[in-house]
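Numbering starts at 1 and runs along the sequence shown. Scope of the values below: all heavy atoms of this structure, side chains included, with no hydrogens, waters or symmetry mates.
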Amino acid sequence: MNDFSVQLKSIRKSRGITQKQLAQAVGASERGIQSYEIGERKPAFDQLIALADFFAVSLDYLTGRSNYPDIVILDKHGKPIIAEAIVNE
């Protein structure tokens with residue numbers, strides 16, 4: 001698994017988004033995004049949530065704690081439900 005800085009850069013590039021575009025979308029500075037991507041700084045919790053929301057990935061995936069980008073919700077029996085399946089119903 002990747003650490004946050006590698007993961008953020010990888011996700012951003014895979015979506016074809018520039019650092020400037022990402023910064024504008026999540027209310028950060030371009031320099032802030034650069035700092036995150038080179039591992040110079042870590043985002044505040046609210047910024048981390050904004051990044052995960054923007055990319056529609058889980059916090060675990062964004063921070064490199066999981067290799068699975070989908071947001072998983074458990075039903076009342078503890079069975080995982082992919083959030084995308086809920087949206088499409």
If we ignore hydrogens and angles and just use 3.5 Å, is the side chain of [X] paired with the main-chain N or O of [Y] as donor and acceptor?
X     : Y     : result
Ser14 : Ile11 : yes
Arg12 : Leu22 : no
Thr63 : Leu59 : yes
Gln21 : Thr18 : yes
Gln47 : Val26 : yes

| field | Atom pair NZ (Lys9) and CD (Gln34), whose distance is rounded to the nearest 0.5 Å | value |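 That separation rounds to 10.0 Å.
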| query | Between atom OG of Ser35 and atom CD of Glu30, what is the distance when rounded to the nearest 0.5 Å? | reply |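 Here the rounded value is 11.0 Å.
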| Going by distance alone, is a donor N or O of one side chain under 3.5 Å from an acceptor N or O of the other, for Asp60 and Ser58? | no
Taking all heavy atoms of [X] and all of [Y], pick out the closest pair and write down the distance.
X     : Y     : value
Ser5  : Gly39 : CB-N, 3.7 Å
Arg31 : Ile38 : NH1-CD1, 4.4 Å
Leu62 : Phe4  : O-CD1, 3.4 Å

| Taking C-beta and beyond as the side chain, do Lys13 and Glu37 meet within less than 4.5 Å on heavy atoms? |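 Lys13 vs Glu37: side chains apart.
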| message | Is there a side-chain contact between Tyr36 and Ile33 in this structure, where contact means two heavy atoms from C-beta onward sitting under 4.5 Å apart? | response | yes
| query | Same cluster for Phe45 and Leu8 if Ile/Leu/Val/Met/Phe/Trp/Tyr side chains link at under 4.5 Å? | reply |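 Yes, it is one cluster - the side chains of Phe45 and Leu8 are joined through contacts under 4.5 Å.
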